[in-house]
Amino acid sequence: MPELPDVEVYRQYIDATALKQKVKRVQVNAPKVLQDISAQSLGRRLAGERFKRTSRRGKHLFVELTDGSHLLLHFGMTGNVHYYAGDGEQRPKFAAVVFTFENDCVFSYINKRKLGTVSIIDDPEEFAAENRLGPDALSLSEQEFLERLEKGRGGIKAFLMNQRLMAGIGNEYSDEILFQARLHPAVGLRSLDPAARKRLFGALKSVLHTAIECRVDPEKFPRSFITPRRREGAPCPRGNGTLVKQTVAGRSSYVCPQCQQA
DNA sequence: AGTACCACCTGACGGC
DNA sequence: TGCCGTCAGGTGGTAC
């Protein structure tokens with residue numbers, strides 16, 4: 001799940017729960033997710049620190065600590081977070097890293113497939129530069145977006161998912177954006193006319209904003225979205241036919257052949 | 001520069 | 001019910 005809207009909702013969730021709490025101890029159940037840090041030193045770095053404030057860039061979530069360093073969370077394909085009272089509720093399944101606070105509440109970084117990342121970094125900006133992460137997709141102006149479009153050469157779906165051009169869009173939301181913009185994912189950037197370019201930018205913003213407003217709950221998504229019915233043979237929300245699945249940019253993609261011409 | 005493919009991990013699901 | 005193959009919303013490396 002975790003693309004930009006999901007990670008934004010996780011961020012808001014942390015703000016509403018674990019923020020300002022002081023860490024008592026850290027338990028690492030899946031050392032695999034730790035990057036450039038041992039379980040022991042993660043615990044040492046965090047003990048006594050508070051979760052001061054959160055930020056996000058694309059699919060990366062940062063929690064600033066009292067000492068100015070940042071806890072970095074990336075969720076891969078199966079990451080999630082959960083906060084609960086330590087005594088009553090039982091530890092969620094697949095809890096990879098568990099943070100216990102002074103108030104005995106628990107913040108859990110969950111990751112079933114362990115493809116995510118937990119680390120401590122000095123500075124998110126520096127991290128983004130080192131990893132060549134593009135600007136957050138929601139902070140991108142139309143002009144910046146169009147400039148990037150003009151420089152690109154490949155297919156439109158690969159463009160949207162390229163984290164170096166803009167950060168945050170993954171497989172699922174790229175399909176939704178392209179459906180809303182009525183563009184086929186395999187269309188080459190250079191064949192897009194100005195109206196299509198503008199439409200794409202509008203769809204990008206509205207899809208991401210809408211998903212966040214709905215707290216990424218597919219049941220709350222507008223009827224016009226394909227995400228809640230993301231499977232082959234599902235009806236096109238515009239009543240134009242049925243969705244088909246095809247591989248584009250190496251990923252499973254769902255398109256309405258009537259609305260989205262190749 | 002862009003794409004295609006593999007690897008990383010492990011669970012969920014459908015078919016037999 | 002049980003086993004097996006297939007697929008999964010991310011990312012990074014490698015090889016064209």
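Below, chains carry the letters A, B, ... as their sequence lines are ordered, and counting in each starts from 1.
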* Length of the line joining Met161(A):CE and dG12(C):P, which is rounded to integer Å -> 14 Å
* Nearest to side-chain heavy atoms of Glu172(A), which nucleotide of dG9(C), dT11(C), dA12(B) -> dG9(C)
* Establish whether Val7(A) and Val9(A) are linked, either directly or via other cluster members, by ILVMFWY side-chain heavy-atom contacts under 4.5 Å. => no
* Please name all residues satisfying side-chain contact (heavy atoms from CB on, under 4.5 Å) with Leu115(A), sequence neighbours left out, ordered by chain then number. => Met77(A), Arg113(A)
* To do: With salt bridge (Lys or Arg N to Asp or Glu O under 4.0 Å) as the test, would you mind laying out the steps for Arg56(A) and Glu8(A) before giving the verdict?
  => CA-CA 7 Å; Arg56(A) 183 189 57 71; Glu8(A) 175 60 17; 2.8 Å; yes
* Can you list the residues that meet the side-chain contact (heavy atoms from CB on, under 4.5 Å) rule with Val81(A), with sequence neighbours excluded? -> Tyr10(A), Tyr13(A), Phe75(A), Phe107(A)
* Euclidean distance, atom NZ of residue Lys114(A) to atom C1' of dG11(B) [Å, nearest integer] -> 10 Å
* **Distance, rounded to the nearest Å, where Asn111(A) contributes CG and dA12(B) contributes C1'** => 16 Å
* To do: Answer with yes or no whether the side chains of Asn111(A) and Thr78(A) bring together a donor and an acceptor at under 3.5 Å.
  => yes
* Asked: For Phe225(A) and dG9(C), what is the distance between atoms CZ and C1' respectively, to the nearest whole Å?
  -> 15 Å
* **Hydrophobic cluster partners of Ile226(A) (side-chain heavy atoms under 4.5 Å)** => Phe179(A), Leu243(A)
* To do: Is it possible for you to say whether Ile110(A) and Leu42(A) belong to one hydrophobic cluster, with membership spreading through side-chain heavy-atom contacts below 4.5 Å?
  => no
* With a 3.5 Å cut-off and no angle check, do the side chains of Glu176(A) and Thr227(A) form a donor-acceptor pair? -> yes
What N/O pairs connect the protein and nucleotides 6-8 of chain C at under 3.5 Å? Give each pair on its own line.
| unit_1 | atom_1 | unit_2 | atom_2 | d |
| --- | --- | --- | --- | --- |
| dA8(C) | OP1 | Lys245(A) | NZ | 3.3 |
| dA8(C) | OP1 | Ser252(A) | OG | 2.7 |
| dA8(C) | OP2 | Ser252(A) | OG | 3.2 |
| dA8(C) | N3 | Arg113(A) | NH1 | 3.2 |

* Can you tell me the distance, in whole Å, between the NZ atom of Lys93(A) and the P atom of dT10(B)? => 14 Å
* Asked: In whole angstroms, how far is the P atom of dG10(C) from the OH atom of Tyr109(A)?
  -> 14 Å
Close N or O pairs between protein and nucleotides 1-7 of chain B (under 3.5 Å):
| unit_1 | atom_1 | unit_2 | atom_2 | d |
| --- | --- | --- | --- | --- |
| dG2(B) | OP1 | Arg153(A) | N | 3.0 |
| dT3(B) | OP1 | Gly155(A) | N | 3.0 |

* Structure fact -> Every stem of 3 or more Watson-Crick or G-U pairs under 3.5 Å that DNA chain B joins, in order of first number, is B:2-8 with C:10-16, B:10-16 with C:2-8
* Asked: Can you tell me how far the CD atom of Gln180(A) sits from the CZ atom of Phe225(A), to the nearest 0.5 Å?
  -> 5.0 Å
* What class does the angle between the rings of His60(A) and Phe127(A) fall in, given that below 30° is parallel, 30 to 60° is tilted and above 60° is perpendicular? -> perpendicular
* Structure fact -> Comparing nearest nucleotides in DNA chain C, the 5'-proximal residue of the pair Asn131(A), Thr227(A) is Thr227(A)
* Distance test, side-chain N/O of Lys59(A) to OP1/OP2 of dG10(C), below 4.0 Å -> yes
* Asked: With the threshold set at 4.0 Å, does a side-chain nitrogen-carboxylate oxygen contact exist between Asp175(A) and Lys157(A)?
  -> yes
* To do: Give the rounded distance in Å between these two atoms: CG of Leu4(A) and C1' of dG9(C).
  => 13 Å
* **Phosphate OP1/OP2 of dG10(C): any His74(A) side-chain N/O under 4.0 Å** => no
* Could you tell me whether Phe94(A) contacts a base, only the sugar-phosphate backbone, or nothing, with contacts defined as non-hydrogen atoms closer than 4.0 Å? => sugar-phosphate
* To do: Show your working on salt bridge (Lys or Arg N to Asp or Glu O under 4.0 Å) between Arg11(A) and Asp15(A) and close with a plain yes or no.
  => CA-CA 6 Å; Arg11(A) 192 191 68 73; Asp15(A) 279 358; 3.0 Å; yes
* Structure fact -> Atom CG of Leu115(A) and atom C1' of dG10(C) are separated, to the nearest Å, by 7 Å
